[in-house]
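Encoded as structure tokens, the structure appears first; notes follow it.
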Amino acid sequence: MKSVIFIAPPAAGKGTQSSNLVDLGYTHISTGDMLREEIAKESEIGLVVKDIISKGMLVSDEIVFELINNKLSNLDKPFILDGFPRTIKQAELLDNLLNKLDINNYEVIYLDINSEDAMKRALGRLTCNKCGASFNKYYEALQPIQEGICDNCGNTLVTRTDDNEESFKVRFNTFIENTEPIIEFYKSKNKLHNVDATMDSFDITNKIKDILKWLVLKVIEK
Ligand code: AP5
Ligand code: MG
């Protein structure tokens with residue numbers, strides 16, 4: 001099974017798609033989730049990154065790469081990378097690491113969404129800090145059954161500190177300046193697949209599954 005790397009603007013649906021695919025046997029690796037865990041633990045890293053994340057800016061390449069290196073170096077399953085790489089430097093570091101680990105069986109999915117739709121998703125998002133589930137007050141199908149309560153574990157839902165208009169705009173601009181150039185990086189490696197992320201969540205998942213299946217069939221045909 002092919003590993004997946006998601007490249008996408010903020011709130012495009014990386015986490016949602018990762019949750020929809022994880023049962024196929026993937027390990028989900030989200031740098032955002034890992035950093036938020038460090039903040040919750042009040043670890044040394046957490047104290048350094050807390051304000052940076054609230055403002056919507058990028059954490060240093062060194063900090064996130066250390067987290068990724070530890071995870072990928074100890075994996076025995078295909079992975080989904082959600083939120084890494086986000087800069088050309090990170091893409092190069094990842095490339096070197098995957099070469100070292102002899103991993104080439106992966107594809108890059110670009111979840112394409114405009115700023116307006118993504119902002120609506122970010123401002124409507126409600127997350128569960130206990131089990132990580134995500135809901136959205138602006139989309140009927142994504143609303144929790146009981147207002148403000150997680151369907152999965154009953155915990156109180158919260159709004160992320162970076163889900164406000166000001167931070168969202170910084171995050172989206174940061175994506176355009178720092179992350180969009182990575183698209184060319186993976187295009188030149190023949191790894192990039194564009195998916196319209198404005199569709200319904202399960203239509204997007206099916207589209208991603210189709211891409212991954214089609215690639216497997218292509219290999220078998222050879
Ligand atoms: P991170 O947590 O990765 O945030 P992000 O990139 O801004 O992405 P989000 O988690 O906001 O959105 P998502 O794409 O996962 O969307 P979701 O599925 O939740 O990173 C946070 C911060 O950490 C960064 O800003 C940075 O500071 C730091 N960081 C992380 N990685 C880093 C790195 N590599 N380098 C440096 N710094 C790093 O969906 C969003 C909402 O929309 C939800 O409510 C969901 O229910 C809803 N939704 C999902 N799909 C649909 C759909 N199809 N239709 C309608 N609604 C939908
Ligand atoms: Mg996410």
Side-chain angles (χ1 to χ4, degrees), residues 5-22 28-39 45-46 48-69 71 80-91 93-94 109-113 115-128 132-144 150-151 157-164 166-179 182 195-208:
I5 299 175
F6 280 123
I7 306 284
K14 300 181 290 296
T16 303
Q17 293 309 317
S18 301
S19 301
N20 291 353
L21 292 166
V22 80
H28 175 206
I29 304 172
S30 157
T31 41
D33 288 348
M34 284 193 272
L35 291 166
R36 282 183 288 274
E37 271 165 34
E38 296 294 327
I39 294 172
I45 289 181
V48 172
V49 304
K50 190 175 177 187
D51 272 0
I52 299 175
I53 290 187
S54 289
K55 288 179 187 153
M57 297 178 320
L58 287 183
V59 170
S60 75
D61 293 335
E62 290 70 26
I63 288 181
V64 276
F65 184 65
E66 194 184 329
L67 296 174
I68 286 292
N69 194 0
K71 276 273 182 187
I80 298 176
L81 273 188
D82 158 0
F84 186 94
R86 262 173 148 106
T87 62
I88 285 285
K89 174 79 185 163
Q90 291 179 16
L93 287 167
L94 178 63
I109 307 280
Y110 170 46
L111 297 175
D112 189 4
I113 191 167
S115 157
E116 291 72 31
D117 285 342
M119 184 151 87
K120 183 177 173 193
R121 289 183 186 181
L123 300 188
R125 173 171 34 200
L126 296 164
T127 52
C128 176
S134 183
F135 301 86
N136 202 294
K137 56 186 172 197
Y138 294 148
Y139 299 89
E140 212 180 322
L142 298 172
Q143 285 166 2
C150 177
D151 290 359
L157 296 172
V158 293
T159 297
R160 263 171 45 178
T161 58
D162 54 350
D163 277 342
N164 56 72
E166 200 183 340
S167 291
F168 177 83
K169 284 180 178 161
V170 176
R171 280 152 70 199
F172 203 90
N173 287 336
T174 303
F175 171 80
I176 290 171
E177 275 171 34
N178 297 281
T179 313
I182 298 178
V195 173
D196 175 5
T198 61
M199 300 186 293
D200 171 84
S201 157
F202 286 100
D203 290 340
I204 299 170
T205 309
N206 286 334
K207 179 88 196 159
I208 296 169

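In listed order, ligands and their atoms are each counted from 1.
- An N or O contact shorter than 3.5 Å links Arg125 to ligand 1 by distance.
- Taking the ring-ring contact (aromatic ring centres under 6.0 Å, His included) definition, one finds that Phe168 meets it with Phe172, sequence neighbours left out.
- The protein atom (non-hydrogen) at minimum distance from atom 10 (O) of ligand 1 is Arg160 NH1, 2.9 Å.
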Which donor-acceptor pairs under 3.5 Å do the side chains of residues 54-63 make with protein atoms, sequence neighbours left out?
residue	atom	partner	partner atom	Å
Ser54	OG	Lys50	O	3.3
Ser54	OG	Thr161	OG1	3.2
Ser60	OG	Ile63	N	3.2
Asp61	OD1	Thr87	OG1	3.2
Asp61	OD1	Gln90	NE2	2.9

- [ ] Report the C-alpha distance between Arg121 and Asp163 in whole Å, list the side-chain angles of each, state the deciding distance to 0.1 Å, and finish with yes or no for salt bridge (charged side-chain N to carboxylate O under 4.0 Å, His left out).
- [x] CA-CA 9 Å; Arg121 289 183 186 181; Asp163 277 342; over 6 Å; no
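- Considering backbone and side-chain N/O atoms, Gly83 comes within less than 3.5 Å of an N/O atom of ligand 1.
- What sits closest to atom 21 (C) of ligand 1 on the protein, heavy atoms only, is Arg36 NH1, 3.6 Å.
- Of the polar atoms of Lys14, at least one N or O is found under 3.5 Å from an N or O of ligand 1, judged by distance alone.
- At least one heavy atom of Ala11 sits less than 4.0 Å from an atom of ligand 1.
- Polar contact with ligand 1: absent for Asp162 (N/O pair, distance under 3.5 Å).
- When the heavy-atom distances from atom 42 (O) of ligand 1 to Lys120, Arg121, Gln17, Arg86 are ranked, the shortest goes to Arg121.
- Every atom of ligand 1 with a heavy atom of Ser201 under 4.0 Å away is listed here by number and element: 53 (N).
- For the pair Gln143 and Asn136, the minimum side-chain heavy-atom distance is 4.5 Å or more.
- For Asp82, no nitrogen or oxygen atom sits less than 3.5 Å from a nitrogen or oxygen atom of ligand 1, counting backbone and side chain alike.
- In terms of polar-atom proximity, Ala12 is counted as a contact of ligand 1, with an N or O under 3.5 Å from an N or O of the ligand.
- Contact annotation: for Val64 versus ligand 1, heavy atoms closer than 4.0 Å belong to the side chain alone.
- Of all atoms in ligand 1, numbered sequentially from 1 with element shown, those under 4.0 Å from a heavy atom of Gly15 are 13 (P), 15 (O), 18 (O).
- Contacts of Ile53 with ligand 1, taken as heavy-atom pairs under 4.0 Å, involve both backbone and side chain.
- Closest to atom 25 (O) of ligand 1 by heavy atom, among Gln143, Arg171, Met34, Lys137, is Arg171.
- Atom 37 (N) of ligand 1 has its nearest heavy-atom neighbour, among Val59, Asp200, Thr198, in Val59.
- Proximity of Gly124 to ligand 1 is not established, as no heavy-atom distance is less than 4.0 Å.
- No N or O atom of Ile52 sits closer than 3.5 Å to an N or O atom of ligand 1.
- Figure legend: Lys120 and Tyr139 shown as a cation-pi pair, the cationic atom lying under 6.0 angstrom from the six-membered ring centre and within 45 degrees of its axis.
- Between Ile204 and ligand 1, no N or O atom pair is found at a separation short of 3.5 Å.
- Geometrically, ligand 1 and Asp163 share no nitrogen or oxygen pair separated by less than 3.5 Å.
- Heavy-atom distances between Met199 and ligand 1 reach below 4.0 Å in at least one pair.
- Using a 4.0 Å cutoff on heavy atoms, Lys55 does not count as a contact of ligand 1.
- Residue-ligand proximity: Ser134 is placed with a non-hydrogen atom under 4.0 Å from ligand 1.
- When heavy-atom distances to ligand 1 are checked against a 4.0 Å cut-off, Phe6 has no atom that comes that close, whether in backbone or side chain.
- For a threshold of 3.5 Å applied to N or O pairs, the pair formed by Thr31 and ligand 1 contains at least one separation below that value.
- Only the side chain of Gln90 comes within 4.0 Å of ligand 1, judged by heavy-atom distances.
- Evaluated by nearest non-hydrogen atom to atom 44 (O) of ligand 1, the leading choice among Phe84, Phe135, Phe202, Phe175 is Phe135.
- The two atoms that bring Val64 and Phe84 nearest to each other are CG2-CE1, 4.1 Å, heavy atoms only.
- Residue Leu142 touches ligand 1 through its side chain alone, judged by heavy-atom distances below 4.0 Å.
- Checking Asn20 against Thr205 by side-chain atom types alone, a donor-acceptor pair falls below 3.5 Å.
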